[in-house]
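Quick note on labels: first sequence line is chain A, next is B, and so on, each numbered from 1. Any value given below was found using the heavy atoms of this structure, including those in side chains, with hydrogens, waters and symmetry copies removed.
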Number of protein chains: 2
Amino acid sequence: MVIDINLSNPEAIHHPAGQGPIPQPSLNRMSQYHHYLMELQDQGIDRVSCSRIGADLNLVPVQVRKDLQYTGIIGKPKTGYVVAELILAIESFLGWNNVNEAFLVGAGNLGTALLGHERFTKFGLQIVAAFDSDPSKIGQWVHGKAVLPLDKLADLAQRMSIHLGIITTPAEAAQTVADEMIRGGIQAIWNFAPARLKVPTHVIVHSEDLYSSLASLSWKLAQRFHVPIQQEGGTPDGVDANCG
Amino acid sequence: MVIDINLSNPEAIHHPAGQGPIPQPSLNRMSQYHHYLMELQDQGIDRVSCSRIGADLNLVPVQVRKDLQYTGIIGKPKTGYVVAELILAIESFLGWNNVNEAFLVGAGNLGTALLGHERFTKFGLQIVAAFDSDPSKIGQWVHGKAVLPLDKLADLAQRMSIHLGIITTPAEAAQTVADEMIRGGIQAIWNFAPARLKVPTHVIVHSEDLYSSLASLSWKLAQRFHVPIQQEGGTPDGVDANCG
DNA sequence: ATAGATTCGATCTATGGTTATCGATATAAA
DNA sequence: TTTATATCGATAACCATAGATCGAATCTAT
């Protein structure tokens, strides 16, 4: 799950097509649609309707339609959308057709996992180098990326115009790393360390907060086992919701 | 970010204290409060008010108060809450005072990272064994946990009454693994593989969906760089929101 | 060519979550 | 002891998101 630290006010979120602000939940569903459409394409299906998408993704058709409208795609009555077009629309909407070069800090297991995830390139994410402060890791190559000393980050980020930083260090190091990134002019941080980052308001922070997920998960498990009383319309199974 | 697959209807989510259903966002904020309160405790602070929490966490006090009420804690006017009590209240509310034993499948980098994360035990999560289908990994020990063959999972889960499964395999394997887990009577799945899992409705699924996060992140970055026009109350920085 | 079925796009309504308000209560200061 | 202030808990207003409805458009089948 994600907690974005510098919230202040959830303000209007506008998008290019000028269709007004897009709700965060809609934005979150985009990748789901994208993934699903890629599957359709693999199966040789070239047209799809909102009803179909909704049925397969457990969403009500109207919601799908609304979400897709944000991408600027237009569909035809009775036929629906052209799958290929729709994929492109989503990719362009999300900026996945442009490359985002990124620096990753923290060449541990998690960092290594991300470095090895070639599929990111399909979504415009290109991790170009890794950094660490552990001398034993510096100079190594991980999945074809050099591990450089952390103190080179700011300068390199600036010279290479890197806008995105990924933090996969332990919690203690996270703030220091974030500060370095900001010093290097990095605009957005994808943070996997379980720490609240203090950043200037112009910096975008997305934190993957495992504990938050774990919290919902264990709460729901606890519910199931310690609250045998379940007496209403919804089945005991209905304890789920999206965005857990 | 998290997408929970078997949604159907986001139905009422009830909790023990009987204060009515708890909103998912509130649930997600719980771990944040918990983390913050632990910090306070480390600093020797023993009382705290909602205003204080809100100021430090960028939340409006009234929201904090409401969230905390779900845990059943009661505070005193003018003083606020006793930190130690509050921590206990949250832990008990989330079920973090009970142990959840879990099996993890997929002893790759990500799996290894999770297996090595001792801090999980503080939150009631105890990963008791790892599984894999790669013969070269079977029989190894990772961070003190044995890596067993996948086909032993269902039987062991049943005999040991394991309720929680963690999937850290590649996407292709995820569904097979989930099926095995369900065969073993597992109730909840924490899925890190980028795949939609098909599960019976009684099984809780929490998927950490990296692509969804990446989608928001790259959208926001794209917004920043490709839409120089930003003409309203909110600053261009205000593009953030929680739950990205 | 026409009738029927299906789906899109737009508008409207309902739900759920967030934020504001108000009285009550506890502490601190006068 | 009294008064002022801060905070809690509850209720109510508000806003964002989700869902329902309806007309218009397009395709298929007769």
Side-chain angles (χ1 to χ4, degrees), chain A residues 7-14 17-30 32 46-55 57-83 85-86 89 233-234 238 241-244, chain B residues 4 7-15 17-30 46-55 57-83 85-86 89 233-234 238 241-243:
Chain A
L7 28 140
S8 53
N9 52 352
E11 279 289 329
I13 302 185
H14 288 78
Q19 301 239 13
I22 178 174
Q24 183 68 46
S26 299
L27 199 45
N28 288 336
R29 283 187 292 268
M30 285 297 171
Q32 207 183 345
D46 63 343
R47 271 139 207 280
V48 68
S49 70
C50 289
S51 348
R52 174 80 182 276
I53 299 178
L57 259 40
N58 277 314
L59 297 166
V60 45
V62 139
Q63 185 169 49
V64 177
R65 197 171 302 126
K66 239 179 165 184
D67 286 341
L68 296 182
Q69 278 176 351
Y70 287 113
T71 67
I73 189 97
I74 57 173
K76 266 203 226 160
K78 183 84 180 188
T79 14
Y81 305 89
V82 177
V83 173
E85 274 179 20
L86 192 41
N242 48 0
C243 193
Chain B
D4 197 335
L7 31 138
S8 55
N9 53 351
E11 280 290 327
I13 302 185
H14 289 78
H15 85 289
Q19 302 237 12
I22 178 172
Q24 183 69 44
S26 299
L27 200 46
N28 287 337
R29 282 187 292 268
M30 285 295 170
D46 62 344
R47 270 141 207 280
V48 68
S49 69
C50 289
S51 346
R52 174 78 183 278
I53 300 177
L57 259 40
N58 278 314
L59 298 166
V60 310
V62 98
Q63 184 168 52
V64 177
R65 196 171 302 127
K66 231 177 165 192
D67 286 343
L68 296 183
Q69 278 175 352
Y70 287 114
T71 67
I73 189 97
I74 57 172
K76 268 202 226 161
K78 184 85 178 188
T79 10
Y81 305 89
V82 176
V83 173
E85 274 180 20
L86 192 41
N242 48 0
C243 191

Q | Heavy-atom side-chain contact between A:T71 and A:M30 under 4.5 Å | A | yes
Q: Would you mind classifying the nucleic acid contact of B:V62 as base, sugar-phosphate or nothing, using non-hydrogen atoms under 4.0 angstrom?
A: base
Q. Choosing from C:dT18, D:dA18, C:dC8, which nucleotide comes nearest the side chain of A:C50?
A. C:dC8
(Q) Are the side chains of B:I73 and B:Q69 in contact, using a 4.5 Å heavy-atom criterion? (A) no
Q: Classify every nucleotide of nucleotides 24-30 of chain D by which part a protein heavy atom approaches to under 4.0 Å, writing B for the base, S for the sugar-phosphate alone and - for neither, in 5'-to-3' order.
A: -BBB---
Q.
Any side-chain N or O of B:Y81 below 4.0 angstrom from OP1/OP2 of D:dG9?
A. yes
Q) With distance as the sole criterion, do the side chain of B:K66 and the base of D:dG9 form a donor-acceptor contact below 3.5 Å? A) no
Q) Is any side-chain heavy atom of A:R29 less than 4.5 Å from a side-chain heavy atom of A:L57? A) no
Q | Gap between atoms CD1 and C1', on A:I53 and C:dT7 respectively (whole Å) | A | 12 Å
Q. Can you check whether B:Y81 reaches B:R65 side chain to side chain, under 4.5 Å on heavy atoms?
A. yes
Q. Whole Å only: how far is the CG atom of B:D67 from the C1' atom of D:dA10?
A. 16 Å
Q | Nucleotide C:dG9, atom C1' - distance to CG of A:L86 in whole Å | A | 15 Å
Q. Hey, does the side chain of A:R29 come within less than 4.0 Å of D:dA18's phosphate (OP1/OP2), counting only N and O?
A. yes
Q) Yes or no on side-chain hydrogen bond (donor to acceptor under 3.5 Å, both in side chains) for B:N28 and B:Q24, after CA distance, side-chain angles and deciding distance? A) CA-CA 6 Å; B:N28 287 337; B:Q24 183 69 44; 3.3 Å; yes
Q.
Nearest 0.5 angstrom please: B:E85 CD to B:I74 CD1, how far?
A. 8.0 Å
**Q.** Atom pair distance, as rounded to whole Å: CD1 in B:I74 and C1' in C:dT25
**A.** 12 Å
Q) Are OP1 or OP2 of D:dG9 and a side-chain N or O of B:Y70 less than 4.0 angstrom apart? A) no
Q) Rounded to the nearest Å, what distance is computed from the CD atom of residue B:Q24 to the C1' atom of nucleotide D:dA18? A) 16 Å
Q: Grab the CD1-P distance between B:I73 and D:dT7 for me, whole Å please.
A: 17 Å
**Q.** Short side-chain N/O contact from A:R65 to OP1 or OP2 of C:dC8, under 4.0 Å
**A.** yes
Q: Would you mind reading off the distance between A:L68 atom CG and D:dA18 atom P, rounded to a whole angstrom?
A: 13 Å
(Q) In this structure, how many angstroms lie between the C1' atom of D:dA18 and the CG atom of A:L57, rounded? (A) 16 Å
Q) Is there side-chain contact between A:L68 and A:I53, with heavy atoms separated by less than 4.5 Å? A) yes
Q.
Given C:dT18, D:dA10, D:dG19, identify the nucleotide with an atom nearest to the side chain of B:Q69.
A. D:dA10
